[in-house]
Trainee: 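Here you go, one structure.
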Amino acid sequence: MQIPVIDLAPYLEFCGKPPNTGEEEFDSELENLCSEVSRTLKETGALLVKDPRCTAEDNDRFLNMMEKYFEMPDDFKRRQERPQLHYQVGVTPEGVEVPRSLVDAQMQEKLRAMPIELQPSTPTGPDPKWRYMWRVGPRPSNTRFKELNSEPVIPEGFPEWKDTMDFWGYKMISAIEAVAEMAAVGFGLQKDAFTSLMKQGPHLLAPTGSDLRRHGQIGTVFAGYHYDLNFLTIHGRSRFPGLNIWLRDGRKMEVKVPVGCLLIQTGKQIEWMTAGECIAGMHEVVVTERTTDAIKLASQQNRSLWRVSSTLFAHIASDAVLKPLGHFTDSPLACKYPSISAGEYVEQELAVINLKGNKGEAS
């Protein structure tokens with residue numbers, strides 16, 4: 001099975017038209033497109049989209065700067081480390097993020113029950129990847145979750161940093177918002193059911209950097225089997241493959257992102273708001289044969305051997321309440337998703353994966 005590519009252009013064109021009097025009405029083609037978005041997110045936990053506003057050149061400009069940053073010496077990068085802020089801004093060094101599959105006993109039990117060929121790779125410790133957290137978009141002036149809405153960190157010697165991060169970050173947020181509206185319509189909710197709760201959310205552009213010179217052996221696990229705790233995650237195409245996802249029916253699939261496309265994955269917050277109709281997608285990043293082929297080619301062409309992912313985590317606003325929305329309140333599974341503020345939920349999850357400075361119990 002291949003994940004379908006959804007072209008956002010027809011929807012964006014429709015949204016760009018001057019509003020008519022009365023309710024805006026989708027034609028059957030747009031309704032079908034929205035239904036395909038929600039169905040694909042439900043069945044696969046992932047979606048490939050083509051957004052005319054986000055070009056391959058935009059992605060390359062971002063990747064080029066991040067490769068340059070991750071190639072800097074470790075002691076330079078550690079100057080941007082902010083552990084006291086739960087690593088939610090600045091750099092997270094390799095060896096800090098703990099894959100949930102290492103600390104969640106319930107998840108480990110499920111993994112052992114999976115057929116061998118579908119099981120994820122087993123990490124031996126914390127992830128050997130760096131990550132940089134950059135906040136995107138406005139933050140609330142009054143919030144109970146100050147540390148989740150902290151000021152950004154800018155490394156010295158990168159005058160283009162802020163413009164490049166904001167340029168790519170805002171473009172990816174725009175793509176997420178379009179998909180969130182389409183998914184809401186497809187799920188039978190109001191168009192702004194999700195996007196209204198995303199306003200002033202702690203959205204984070206969070207590229208990872210993995211040193212393939214040191215960690216380029218087949219089977220190396222850069223990101224152990226896990227789900228994302230946020231609403232939706234979006235990535236531009238990486239120069240080195242290696243992402244595996246698990247479909248809702250348990251099948252494992254290597255993701256191939258076409259040039260000029262973006263990959264979107266479901267997080268725990270959309271699972272909460274749909275009462276499990278759409279579940280958080282499980283995934284891992286591992287060095288595969290396709291990764292080593294890309295390493296050989298990059299070496300021959302004298303290109304960087306840092307694997308950069310242009311990842312952005314889109315969140316529900318910290319002070320907003322996570323709960324099943326609309327008709328999902330009538331779901332028999334709704335009781336599994338009690339009301340909780342998004343910020344409180346995020347803090348619980350960060351404690352488990354070791355980004356809050358203490359080891360929490362798996363929730």
Side-chain angles (χ1 to χ4, degrees), residues 3-17 26 30 33-42 44-63 66 133-138 163-187 189 191-208 228 230-238 243 245 255-267 269-270 273 278 280-281 283 308-317:
I3 301 171
V5 176
I6 305 288
D7 187 352
L8 301 184
Y11 181 78
L12 296 173
E13 189 181 337
F14 171 81
C15 292
K17 288 177 181 172
F26 293 165
L30 274 179
L33 202 58
C34 292
S35 295
E36 189 174 5
V37 166
S38 59
R39 180 185 58 77
T40 305
L41 290 176
K42 175 184 172 180
T44 70
L47 187 69
L48 289 166
V49 299
K50 194 163 182 56
D51 187 329
R53 302 167 298 181
C54 303
T55 66
E57 291 73 27
D58 295 335
N59 189 38
D60 284 340
R61 175 186 170 201
F62 175 79
L63 292 179
M66 291 314 303
M133 295 287 208
W134 178 262
R135 49 175 267 184
V136 178
D163 286 348
T164 303
M165 298 295 265
D166 286 345
F167 180 78
W168 186 236
Y170 278 105
K171 286 201 169 202
M172 292 217 288
I173 283 282
S174 297
I176 285 264
E177 287 173 342
V179 168
E181 288 182 355
M182 295 172 78
V185 172
F187 281 128
L189 302 170
K191 186 178 88 165
D192 67 348
F194 298 133
T195 52
S196 61
L197 296 172
M198 287 173 61
K199 286 184 171 54
Q200 296 192 330
H203 312 308
L204 288 168
L205 181 56
T208 61
D228 291 343
N230 52 301
F231 170 54
L232 291 173
T233 302
I234 185 167
H235 317 261
R237 186 174 186 267
S238 174
L243 175 67
I245 67 170
V255 178
K256 298 173 183 175
V257 181
V259 175
C261 288
L262 302 164
L263 172 69
I264 290 175
Q265 292 176 277
T266 51
Q269 291 175 348
I270 194 172
M273 293 184 290
C278 188
H283 51 283
V308 175
S309 73
S310 54
T311 302
L312 182 139
F313 298 120
H315 279 261
I316 298 305

Trainee: How about Ile245 and Ile3: do any of their side-chain heavy atoms sit closer than 4.5 Å?
Mentor: yes
Trainee: Check side chain to side chain donor-acceptor pair (under 3.5 Å) between Gln265 and all other residues, then give those that pass, not counting sequence neighbours.
Mentor: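 Only His235, His283 meet the side chain to side chain donor-acceptor pair (under 3.5 Å) criterion with Gln265.
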Trainee: Restricting to salt bridge (charged side-chain N to carboxylate O under 4.0 Å, His left out), what partner residues turn up for Asp192, sequence neighbours left out?
Mentor: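 Salt bridge (charged side-chain N to carboxylate O under 4.0 Å, His left out) list for Asp192, sorted by chain: empty.
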Trainee: CG/Leu33 to CG/Leu8 distance, rounded to the nearest 0.5 angstrom?
Mentor: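 So the CG of Leu33 and the CG of Leu8 are separated by 8.0 Å.
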Trainee: Name the atoms and distances for all side-chain donor-acceptor pairs under 3.5 Å in residues 179-187, with sequence neighbours left out.
Mentor:
{"from": "Glu181", "atom 1": "OE1", "to": "Tyr11", "atom 2": "OH", "distance (Å)": "2.5"}

Trainee: Sequence neighbours left out, what passes side chain to side chain donor-acceptor pair (under 3.5 Å) with Ser238? Give chain and number order.
Mentor: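 Testing Ser238 for side chain to side chain donor-acceptor pair (under 3.5 Å), a comparison that skips the adjacent residues, returns none.
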Trainee: What residues, two or more places apart in sequence or in another chain, satisfy side-chain contact (heavy atoms from CB on, under 4.5 Å) together with Ala9?
Mentor: Asp7, Pro52
Trainee: What are the two closest non-hydrogen atoms of Ala317 and Pro202, and how far apart are they?
Mentor: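 Taking Ala317 first and Pro202 second, the nearest heavy atoms are CA-CD, 4.2 Å.
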Trainee: Taking ring-ring contact (aromatic ring centres under 6.0 Å, His included) as the definition, give me every residue that meets it alongside Phe194, ordered by chain and number, with sequence neighbours left out.
Mentor: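 In terms of ring-ring contact (aromatic ring centres under 6.0 Å, His included), with neighbours along the sequence ignored, Phe194 is linked to Phe231.
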Trainee: When you compare the side chain of Thr266 with that of Leu232, does any pair of heavy atoms fall below 4.5 Å?
Mentor: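 Counting from C-beta outward, Leu232 and Thr266 do come under 4.5 Å.
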Trainee: With sequence neighbours left out, what residues match Ser38 under side chain to side chain donor-acceptor pair (under 3.5 Å)?
Mentor: none
Trainee: Could you work out, with side-chain contact (heavy atoms from CB on, under 4.5 Å) as the rule, every residue matching Ser310, not counting sequence neighbours?
Mentor: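 Counting only residues at least two positions away or on another chain, Ser310 forms a side-chain contact (heavy atoms from CB on, under 4.5 Å) with Asn59, Phe62, Leu63, Trp168.
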Trainee: As an exercise, state the distance from CD of Glu177 to NZ of Lys199, rounded to the nearest 0.5 Å.
Mentor: 7.5 Å
Trainee: Identify, with sequence neighbours excluded, every residue that meets salt bridge (charged side-chain N to carboxylate O under 4.0 Å, His left out) alongside Arg53.
Mentor: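 With neighbours one apart ignored, the set is Asp51.
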Trainee: Have a look at Met198 and tell me which of Gln269, His203, His315 forms a side-chain contact (heavy atoms from CB on, under 4.5 Å) with it.
Mentor: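 Testing Met198 for a side-chain contact (heavy atoms from CB on, under 4.5 Å) against Gln269, His203, His315 leaves exactly one candidate, His203.
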Trainee: For Asp228, what residues pass the salt bridge (charged side-chain N to carboxylate O under 4.0 Å, His left out) criterion, not counting sequence neighbours?
Mentor: none
Trainee: With sequence neighbours excluded, tell me which residues meet side-chain contact (heavy atoms from CB on, under 4.5 Å) with Ser35.
Mentor: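 Ser35 satisfies side-chain contact (heavy atoms from CB on, under 4.5 Å) with no other residue.
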Trainee: Search all heavy atoms of Val37 against all heavy atoms of Leu47 and return the closest pair with its distance.
Mentor: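 Smallest heavy-atom distance, with atoms named: CG1-CD2, 3.9 Å.
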Trainee: Looking at SG of Cys278 and CD1 of Ile270, how far apart are the two atoms once the value is rounded to the nearest 0.5 Å?
Mentor: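 Interatomic distance, Cys278 SG to Ile270 CD1, rounded to 0.5 Å: 4.5 Å.
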Trainee: Where is the tightest heavy-atom contact between Phe26 and Cys34, given as atom of each residue plus distance?
Mentor: CE1-SG, 4.1 Å
Trainee: Looking at every heavy atom in both Lys256 and Leu48, which two are closest together, and how far apart are they?
Mentor: O-CD1, 4.0 Å
Trainee: About how many Å separate CE of Met133 and CG of Leu205, when rounded to the nearest 0.5 Å?
Mentor: 10.0 Å
Trainee: Would you check if Met273 and Leu189 make a side-chain contact, meaning some heavy-atom pair closer than 4.5 Å?
Mentor: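 Not touching, per the 4.5 Å side-chain cut-off.
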Trainee: Report the distance from atom NZ of Lys171 to atom CG of Leu262, rounding to the nearest 0.5 Å.
Mentor: 10.5 Å
Trainee: Looking at every heavy atom in both Val136 and Leu312, which two are closest together, and how far apart are they?
Mentor: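 Taking every non-hydrogen atom into account, CG2-CD1, 4.1 Å.
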Trainee: Asp166: what forms a salt bridge (charged side-chain N to carboxylate O under 4.0 Å, His left out) with it, not counting sequence neighbours?
Mentor: Lys162
